[in-house]
Participant: 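I have a structure I would like to understand better, so I am pasting it below and will then ask my questions one at a time.
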Amino acid sequence: MEPGDGVVLISDILGGEHVEKDVTVRGWIYRIRSSGSIVFAVVRDGTGNIQATIKKNVVGDEEFEKASQTLVESSVKITGTVAEDERAPGGYELKASNFSLIHMAEPFPITKDQSEEFLLDKRHLWVRSQKLTSVMRVKATLLSAAREWFEKEGWVEVTPPILSASAGEGGSTVFGLKYFGKTAFLAQTAQLHLEALIFSLDKVYSLTPSFRAEKSRTPRHLTEFWHLEGEAAWVDNEGNMDVHEQLISHMCQVVAEKNKAQLRELGRDPTILEAITPPFDRITYSDAVDMLHDKGMDFTWGDDFGTVEERLLTEDLVSPMFVKNYPKSAKAAFYMKENPDDTTTVLCSDLLAPEGYGEIIGASEREVENHTLIDRLLEQGADPDNYEWYLDLRKYGSVPHSGFGIGIERVVRWICRLDHIRDAVPFPRTPSRFYP
RNA sequence: GCCGUCGUAGCUCAGCUGGUGGAGCGGCUGACUGUUAAUCAGCAGGUCGCAGGUUCGAAUCCUGUCGACGGCGCCA
């Protein structure tokens, strides 16, 4: 049944192909209305929507009757002649010679009035919506563009574990689960394992789900998100940022080229993404604090930036911006390398998306001295014995190295101008939802 | 963890100072040969989130509880 049968894509028809030709489209009824002896059926096939007109005196009484009773979201196959017609939405329509109903849908629960709660309950059906379809296509492009860039630059994709014995980064909360009489944890980062792999593969990256058991109720947190992480030997904090700006720029270029229609549909002007190229601005944490003060904000050096601060710093930007070298008091992670020029700060960087969308990358150069790592762990009340294998990495040919984590859904949220991160993933997991 | 808002028909909501539960959309029946979320006429559809309390009487007032949504913190 697959190819042949004269089945064409609706996007091609809307692009002006097939005019005056007999073709077949198959898909789902998006809207349908009847008027005596003519039925107007708008069909969706995942590439676009087109109106088909089914007339009684053309298809016959029986097929016409069937068409006029068809409900929204029924699956259909319609054969007919493509015609340009100003009266049709989109400018083209299909004058049907044959209407065949594949499956008659029950009344579709999602109608014109929808609340956020209801759409989340019916997420398995709402994923058919134009908005989510566009977002998923954009996301697919962003992921393939990222892989393309890594491949080109000689990075090796690796597959770190999701189940782990240690809780990972200190601080954030992890999901625990039963593991043959012991407790295992769902990974909240692959970083530590990636660090182990640079000693043979030099530059590695991974794309995995990460889990955070934080009861975060914000438009930029999920409990399960897709984490694109990289770790590279011989790279310092500045070189790390070189990587990020090149990678993010490449992703923007490719999506602006391949997904113009979806981006416009989502309200994102592709030319804005085309303009995103290296280098990105790099300011220090202290510079950022000065900027906040200049904007009239009351802020104490040493505190971490929250939503309000990040928004104020980036709302007028078009390109992403790095903020580097945070104070230790703001970035607690034990593995971040101390800044030799100012020991109150660490060699790290956050990449903030423009327009107030907030942090999309967290990164740092890693501490290479075991005694420093152990001191930092003890300061945070962690037991160095739990990090024995990780500390081992510094015993056998330790090298300067850096790494980063990109929240894919955060990038998608920014690129697609989404109000909430949950729409950057088809089936969002949040503190209050893991169904459907 | 903190602050706030909301639970009434399949959906979106109205329902005032307590007195026999409403509309629009969707569905069904019928009319209509150019509709654009078609239009017109009619029909069906409810344990008012749950549990207590006040009262002759509670969707409405009180208490508790559950759930969802919005914002903050934490982070990617």
Side-chain angles (χ1 to χ4, degrees), chain A residues 30-42 49-58 64 68-69 71-73 83 85-91 93 95 105-122 125 168-174 187-191 207-229 244 303-311 330-333 350-353 357-363 404-414 419-422 424-425 430-433 435:
Chain A
Y30 178 66
R31 295 260 188 276
I32 191 160
R33 44 193 171 263
S34 67
S35 177
S37 37
I38 180 167
V39 168
F40 301 95
V42 179
N49 294 347
I50 192 167
Q51 173 171 284
T53 52
I54 301 118
K55 294 184 177 178
K56 197 175 201 169
N57 60 9
V58 177
F64 181 82
S68 63
Q69 289 172 351
L71 296 188
V72 165
E73 288 302 317
D85 196 318
E86 285 181 0
R87 295 170 297 184
E93 72 174 21
K95 296 184 183 304
E106 293 179 26
F108 200 59
I110 301 174
T111 59
K112 71 167 183 176
D113 295 313
Q114 313 130 349
S115 64
E116 197 57 51
E117 180 181 355
F118 186 68
L119 292 180
L120 286 167
D121 287 341
K122 301 293 179 193
L125 303 176
E169 272 182 65
S172 12
T173 320
V174 289
Q188 46 177 244
T189 174
Q191 179 194 324
L207 177 64
T208 60
S210 274
F211 303 87
R212 304 278 163 97
E214 292 283 353
K215 285 188 179 173
S216 305
R217 286 201 60 85
T218 81
R220 50 181 197 293
H221 285 88
L222 294 166
T223 53
E224 175 184 311
F225 67 98
W226 284 83
H227 210 172
L228 181 60
E229 293 174 276
H244 311 157
D303 289 348
D304 199 3
F305 300 136
T307 307
V308 185
E309 290 81 13
E310 283 186 357
R311 193 177 297 136
K331 294 283 177 191
D350 280 358
L351 185 63
L352 306 184
Y357 283 100
E359 183 181 348
I360 53 177
I361 301 183
F404 59 92
I406 302 180
I408 289 297
E409 284 78 15
R410 288 191 173 176
V411 175
V412 170
R413 175 174 178 239
W414 156 50
D419 293 335
H420 201 291
I421 196 169
R422 62 175 159 239
V425 63
T430 61
S432 56
R433 265 179 204 281
Y435 172 96

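In the text below, chain A, chain B and the rest are named by the order of the sequence lines, each starting its count at 1. Below, each value reflects all heavy atoms present in this structure, side chains not excepted, and no hydrogens, waters or symmetry copies.
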Participant: In dot-bracket, 5' to 3', how would RNA chain B read with Watson-Crick or G-U wobble pairs under 3.5 Å, [ ] for crossing ones and | for pairs to another strand?
Facilitator: (((((((..((((.....[..)))).(((((.......))))).....(((((..]....))))))))))))....
Participant: Just how far, in rounded Å, is C1' of B/C75 from CD of A/Q188?
Facilitator: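 It works out to 10 Å between those atoms.
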Participant: Using the salt bridge (charged side-chain N to carboxylate O under 4.0 Å, His left out) criterion, which residues pair with A/E117? Sequence neighbours excluded.
Facilitator: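 A/E117 satisfies salt bridge (charged side-chain N to carboxylate O under 4.0 Å, His left out) with no other residue.
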Participant: The criterion is side-chain hydrogen bond (donor to acceptor under 3.5 Å, both in side chains); which residues satisfy it with A/S37, sequence neighbours excluded?
Facilitator: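 Residues passing side-chain hydrogen bond (donor to acceptor under 3.5 Å, both in side chains) with A/S37: none at all.
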Participant: Please report, rounded to the nearest Å, how far the C1' atom of B/G10 is from the CD atom of A/E73.
Facilitator: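 The distance from CD of A/E73 to C1' of B/G10 comes to 16 Å, rounded to the nearest Å.
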Participant: For the pair made of CD in A/E310 and C1' in B/C74, what is the distance, rounded to whole Å?
Facilitator: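 These atoms are roughly 12 Å apart.
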Participant: Can a donor-acceptor pair be found, under 3.5 Å and without considering hydrogens, that links the side chain of A/S216 to the backbone of A/T218?
Facilitator: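 No; judged by distance alone, with no hydrogens or angles, the pair does not exist.
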Participant: Mind calculating the distance between CD1 (A/I408) and P (B/A76) to the nearest angstrom?
Facilitator: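 It works out to 14 Å between those atoms.
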Participant: What distance, rounded to whole Å, do you find between the two C1' atoms, one in B/G49 and one in B/U29?
Facilitator: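 Roughly 34 Å separates the two C1' atoms.
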Participant: Please enumerate all residues that pass side-chain hydrogen bond (donor to acceptor under 3.5 Å, both in side chains) together with A/D304, with sequence neighbours excluded.
Facilitator: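 By the side-chain hydrogen bond (donor to acceptor under 3.5 Å, both in side chains) rule, A/D304 matches no residue at all.
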Participant: Apply salt bridge (charged side-chain N to carboxylate O under 4.0 Å, His left out) to A/K95 and list each qualifying residue two or more places apart in sequence or on a separate chain.
Facilitator: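 Residues passing salt bridge (charged side-chain N to carboxylate O under 4.0 Å, His left out) with A/K95: A/D85, A/E93.
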Participant: With sequence neighbours left out, write down each residue that passes salt bridge (charged side-chain N to carboxylate O under 4.0 Å, His left out) with A/R217, or none if nothing qualifies.
Facilitator: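 A/R217 satisfies salt bridge (charged side-chain N to carboxylate O under 4.0 Å, His left out) with no other residue.
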Participant: Counting any heavy atom closer than 4.0 Å, what does A/F225 reach on the DNA or RNA strands: base, sugar-phosphate only, or nothing?
Facilitator: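 Result for A/F225 = base.
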Participant: For nucleotides 28-35 of chain B, read 5' to 3', which letter fits each nucleotide if B means a protein heavy atom sits under 4.0 Å from the base, S means only the sugar-phosphate is that close, and - means neither?
Facilitator: S---BBBB
Participant: Can you check each nucleotide of nucleotides 64-73 of chain B against protein heavy atoms at under 4.0 Å and return B for base, S for sugar-phosphate only, - for none, in 5' to 3' order?
Facilitator: ----SBBBBB
Participant: Using atom C1' in both nucleotides, what's the gap between B/G52 and B/G10 to the nearest angstrom?
Facilitator: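 These two C1' atoms come out 31 Å apart once rounded.
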Participant: Check ring pair (Phe, Tyr, Trp, His ring centres under 6.0 Å) between A/F40 and all other residues, then give those that pass, not counting sequence neighbours.
Facilitator: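 Scan of A/F40 (ring pair (Phe, Tyr, Trp, His ring centres under 6.0 Å), adjacent residues dropped) gives none.
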Participant: Residues two or more places apart in sequence or in another chain: which of them pass side chain to side chain contact (heavy atoms under 4.5 Å, CB included) with A/E310?
Facilitator: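 For A/E310, the residues satisfying side chain to side chain contact (heavy atoms under 4.5 Å, CB included) (neighbours in sequence not counted) are A/F305, A/L352, A/E359.
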Participant: Using the P atom as the reference point in each nucleotide, state the distance between B/C2 and B/C16 in Å, no decimals.
Facilitator: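 Taking atom P in both B/C2 and B/C16, they lie 33 Å apart.
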Participant: Within the distance-only criterion (no hydrogens, no angle test), does the side chain of A/S115 pair as donor or acceptor with the backbone N or O of A/F118 below 3.5 angstrom?
Facilitator: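 Yes: the side chain of A/S115 pairs with the backbone of A/F118.
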Participant: Expressed in whole Å, how much space separates the C1' atoms belonging to B/U20 and B/U60?
Facilitator: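 One C1' to the other, the span is 15 Å.
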Participant: Using the ring pair (Phe, Tyr, Trp, His ring centres under 6.0 Å) criterion, which residues pair with A/F225? Sequence neighbours excluded.
Facilitator: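 If we apply the ring pair (Phe, Tyr, Trp, His ring centres under 6.0 Å) test to A/F225, skipping adjacent residues, the hits are A/H227.
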Participant: Distances under 3.5 Å between protein N/O atoms and the N/O atoms of nucleotides 44-49 of chain B, please, pair by pair.
Facilitator:
none

Participant: Give me the distance, rounded to whole Å, that separates B/U5 from B/C13 when you measure between the C1' atoms they each carry.
Facilitator: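 Their C1' atoms lie roughly 16 Å apart.
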